[in-house]
There are 4 protein chains.
Amino acid sequence: MSTEQLIEAGLITDPDSAKGRLLRTAARLFKDKGFNRSTVRDLASELGMLSGSLFYHYPNKEAILQAVIEESIRRALVRMEDALVQADSVSEKLQALIHCEVEAVHGVVDPGFVIMVPEWRNLSEENQAPILVLRSAYEAVWRAVLDQMYAEGLIAVEGGLMRHFIRGALMETTHWFKASGKLSPRALEEQLYQAVVR
Amino acid sequence: MSTEQLIEAGLITDPDSAKGRLLRTAARLFKDKGFNRSTVRDLASELGMLSGSLFYHYPNKEAILQAVIEESIRRALVRMEDALVQADSVSEKLQALIHCEVEAVHGVVDPGFVIMVPEWRNLSEENQAPILVLRSAYEAVWRAVLDQMYAEGLIAVEGGLMRHFIRGALMETTHWFKASGKLSPRALEEQLYQAVVR
Amino acid sequence: MSTEQLIEAGLITDPDSAKGRLLRTAARLFKDKGFNRSTVRDLASELGMLSGSLFYHYPNKEAILQAVIEESIRRALVRMEDALVQADSVSEKLQALIHCEVEAVHGVVDPGFVIMVPEWRNLSEENQAPILVLRSAYEAVWRAVLDQMYAEGLIAVEGGLMRHFIRGALMETTHWFKASGKLSPRALEEQLYQAVVR
Amino acid sequence: MSTEQLIEAGLITDPDSAKGRLLRTAARLFKDKGFNRSTVRDLASELGMLSGSLFYHYPNKEAILQAVIEESIRRALVRMEDALVQADSVSEKLQALIHCEVEAVHGVVDPGFVIMVPEWRNLSEENQAPILVLRSAYEAVWRAVLDQMYAEGLIAVEGGLMRHFIRGALMETTHWFKASGKLSPRALEEQLYQAVVR
DNA sequence: GATGAATGAGGTTTCATTCAT
DNA sequence: CATGAATGAAACCTCATTCAT
């Protein structure tokens, strides 16, 4: 499914709509300051409104976080599936996955993707549930590729375990990697690939 | 320096003292519930005292977090240096480092070590500074070993980069690995080593 | 500038607005009980609201004190300039000034004026600064009149010094003088004038 | 009665005793920072002890304030009576009183004297009572002199009123006068005398 | 859709005071 | 006499949330 189709289906919010702006702004804010340290007043003020007005769009602050994360994963899934189509070998597929995840983490498109990890705890179980479903789908794609690589002897440890390692390595980049620094995102991807594939 | 010497030097708190119990309890609490969601009342009540009493020992809540993290790194450094002494080859040294960090992250000894990553933002710059110094020392040990491994062609990417990857992979284990699960800590260490060393 | 103009300019708060009521109530409370002994709960409860609600209007308790004092001086300045216009001789001007200050200190209009002296210390330097500017303007008016009186030989000590003495004498009245007592405010003014003018 | 006699009678504390040091330190502290803003920890730490230890000497913080003020007035009374003995005329007596009060307010001897005014409210009625008695005696001395001056036409307003004015003028000097400045204490005394005596 | 004014629960912190040692 | 640890009430303040307009 394409992004446009997802918007029409109501699965992700049109980024040009008022709600879309809200989510984008929230994503950036939560990423920069953290969810707990971002107040609804902060968010509203960045949107040029008063805090009370937010509650017309979302029932509470947590729902905003939930929407930010959920839509980020949905968009990441779409991008990932698009990328996989163009990859022939399993090695290329892994490279495509790494590329997509680096983009999700450091690209300008989607500030909300990385929020998931540190702010996961701030979601109630009800709000976690729909995200977990999406996340499973997302991880299943990785698993399929890594399992095949392991079967072919291209990586030294079993697919599920390797996914954990790679995910950790990639998420950690938020703490040290700057897209504008000496190491380009492309080089980062290549290096990570080299590090684990023999 | 040994742990006993560190205690005598006032660098780490005697775990049997009142302050030591406070720090240990705080570490566990902050790890389980997160720093922001842990209230001083929670902490005090676990210690069997009233919230005001905490402020006899530390000037504010943040100072407790600072102490928890600082002492955890100090202890980790000691354990790491002890372990390195007994390693002969550089490969054994890397295994020792991985072992120490897995212990720091999942061992019963030191619940405070992993807090550093998610709660770093809750420290003011003044409180970050002394930790950064310790952290540099800690990372320097890793760098030395990994640089040598790279020079010897044992790993595929440069030492600094590989450290970031390994750190990420190890920190991520907090989200999925249970020491009591099917995969033992020892096996985890071995698998991570295999994943990146050729 | 008239009081109405000051309100329009945002320099003083409309006494009929919610904020104006807040300031008036705070002024009285701070005067009666002192700033430190007045709690935000006290203030809120007199206003028929909860303590948290105060912080919608002012960022903290000190800002309320600051506003109370600042506006009191602003109003006092207006009254003083109005009164001076109607005075012909310099002697009449001094009488007018004394009258205004007695009114400021004991009148029903402005309970905030006298707070300045005992509560000055409770303001941070940032909050003192704007008040100091106003105070200088206020004192300059006194100085001009007293300097002229000294030049004409009507008072025995130099204007600046005499102002200190008169200010002290007038502020001290808060400790012993009751407007409803035997000595009327008018008589008090006259007596003070007699005491220092020959 | 001399100071030595007062010490022997237990009416004032020997300044060289531990208690005397406590009171002197408290007086300075309360004067500099205000009673409410001075914590018992501050005081204790200046005395080189811990806060709990203070309560061996005084039952509570307020009692310290009470003692500081009470002894200050007692000492001031002694100095005043000594000074009056050496004055011949009523004019000289007034000058002596002014001199004594300037010394009490700005001298190095007795930092506690001026505390009375701003901190009066912090005393309960029971603690105010014994001070009121002393204060009456103190004020009576002033009244006697000023009444005589009024009777002789040397001042323009009745003694009680003039005392209020002079007290206010003198207490106000705490806010602007520095003994080390251009205007000497002696000159200040002389100017105040000139300001009100014709 | 948005505002502005509150709510109210809950947070951290302060600090005089107590008391066993 | 003094310590050190704790008490406990009360303080200021935060902030998501509500709701009449």
Side-chain angles (χ1 to χ4, degrees), chain A residues 17-19 22 35-45 47-65 122, chain B residues 17-19 21-22 35-44 47-65 122, chain C residues 17-19 21-22 35-44 47-65 122, chain D residues 17-19 22 35-45 47-65 122:
Chain A
S17 70
K19 222 166 175 170
L22 193 164
F35 178 71
N36 285 310
R37 302 161 83 96
S38 305
T39 70
V40 291
R41 268 185 166 88
D42 289 339
L43 175 54
S45 120
L47 290 166
M49 48 170 71
L50 292 183
S51 67
S53 311
L54 290 175
F55 296 87
Y56 175 82
H57 300 283
Y58 286 94
N60 51 53
K61 189 187 173 192
E62 194 184 319
I64 299 176
L65 176 62
N122 291 305
Chain B
S17 69
K19 221 167 174 171
R21 223 181 107 239
L22 193 164
F35 178 72
N36 285 309
R37 303 161 82 98
S38 307
T39 70
V40 292
R41 284 210 239 277
D42 289 339
L43 176 53
L47 290 165
M49 47 169 71
L50 294 180
S51 69
S53 309
L54 292 175
F55 297 88
Y56 175 79
H57 300 283
Y58 288 94
N60 50 53
K61 190 186 171 193
E62 194 184 319
I64 299 177
L65 176 61
N122 291 306
Chain C
S17 70
K19 222 167 174 171
R21 222 180 109 239
L22 193 164
F35 177 72
N36 285 310
R37 303 161 83 98
S38 307
T39 71
V40 293
R41 269 189 170 82
D42 289 340
L43 176 54
L47 290 165
M49 47 168 73
L50 293 180
S51 69
S53 309
L54 292 175
F55 297 89
Y56 175 79
H57 299 283
Y58 288 94
N60 51 53
K61 190 188 172 193
E62 194 183 318
I64 299 177
L65 176 60
N122 291 305
Chain D
S17 71
K19 221 166 175 171
L22 193 164
F35 178 72
N36 285 309
R37 303 161 83 97
S38 305
T39 70
V40 291
R41 267 186 166 90
D42 289 338
L43 176 55
S45 122
L47 291 166
M49 49 169 70
L50 292 182
S51 67
S53 311
L54 290 175
F55 296 87
Y56 175 81
H57 300 283
Y58 287 94
N60 51 53
K61 190 187 173 193
E62 195 184 318
I64 300 177
L65 176 61
N122 290 306

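The figures that follow rest on heavy atoms only: side chains count, while hydrogens, waters and symmetry mates do not. Just so it is clear: chains get the letters A, B, ... in the order the sequence lines come, proteins before strands, and each one is counted from 1.
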Taking any strand in view, what nucleotide pairs with F:dA5 in a Watson-Crick or G-U wobble way, both distances under 3.5 Å?
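With both distances under 3.5 Å, F:dA5 matches E:dT18.
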Both distances below 3.5 Å, Watson-Crick or wobble geometry, any strand: find the nucleotide opposite E:dT13.
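By the stated definition (distances under 3.5 Å), F:dA10 pairs with E:dT13.
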Whole-Å gap separating C1' (F:dA16) and CG (B:Asn36)
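After rounding, the gap between these two atoms is 15 Å.
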Gap between atoms CZ and C1', on B:Arg41 and F:dT14 respectively (whole Å)
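Atom-to-atom, B:Arg41 to F:dT14, this comes out as 14 Å.
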Kindly give the heavy-atom pair with the smallest separation between A:Asn36 and A:Lys61, and that separation in Å.
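Of all heavy-atom pairs spanning A:Asn36 and A:Lys61, the closest is O-NZ, 4.0 Å.
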Shortest non-hydrogen contact from B:Val40 toward B:Leu54
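That closest heavy-atom pairing would be O-CD1, 3.4 Å.
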In residues 56-65 of chain B, which ones come under 4.0 Å of DNA chain E, going by heavy atoms?
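Result for residues 56-65 of chain B: B:Pro59, B:Asn60, B:Lys61, sorted by number.
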Report yes if at least one side-chain N or O of A:Thr39 is closer than 4.0 Å to OP1 or OP2 of F:dC15; otherwise report no.
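No.
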For B:Ser17, report the nucleic acid contact type (base, sugar-phosphate, nothing); a contact means any heavy atom under 4.0 Å.
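Nothing, no nucleic acid heavy atom in range.
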Between D:Glu62 and D:Asn122, is any pair of side-chain heavy atoms under 4.5 Å apart?
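The answer is no; the side chains never approach within 4.5 Å.
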Quick one: pull up [atom1] in [X] and [atom2] in [Y] and give me the separation to the nearest 0.5 Å.
{"X": "C:Arg41", "Y": "C:Ser51", "atom1": "CZ", "atom2": "OG", "answer": "5.0 Å"}
{"X": "B:Ile64", "Y": "B:Asn60", "atom1": "CD1", "atom2": "CG", "answer": "8.0 Å"}
{"X": "B:Met49", "Y": "B:His57", "atom1": "CE", "atom2": "NE2", "answer": "4.5 Å"}

For B:Tyr56, is the NZ or CZ atom of B:Lys19 found under 6.0 angstrom from the centre of its six-membered ring and inside 45 degrees of the ring axis?
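Ring-cation test returns no.
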B:Phe35 or A:Leu54: which one's nearest nucleotide on DNA chain E is closer to the 5' end?
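Comparing both residues, the 5'-ward one is A:Leu54.
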What nucleotide among F:dA16, F:dT3, F:dT7 has an atom nearest to a side-chain atom of A:Val40?
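The answer is F:dA16.
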Taking the nucleotide of DNA chain F with the nearest heavy atom to each, does D:Ser51 or D:Ala18 sit closer to the 5' end?
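Closer to the 5' end of DNA chain F: D:Ala18.
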Between B:Met49 and C:Phe55, just flag the one whose closest nucleotide in DNA chain F comes earlier from the 5' side.
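This one resolves to B:Met49.
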Quantified in whole Å, what is the C1' atom distance between nucleotide F:dT21 and nucleotide E:dG1?
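Each nucleotide's C1' atom is 13 Å from the other's.
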Chain C on DNA chain E: first and last contacting nucleotide, 5' to 3', under 4.0 Å to a heavy atom?
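Both ends considered, the range comes out as E:dG4 to E:dG8.
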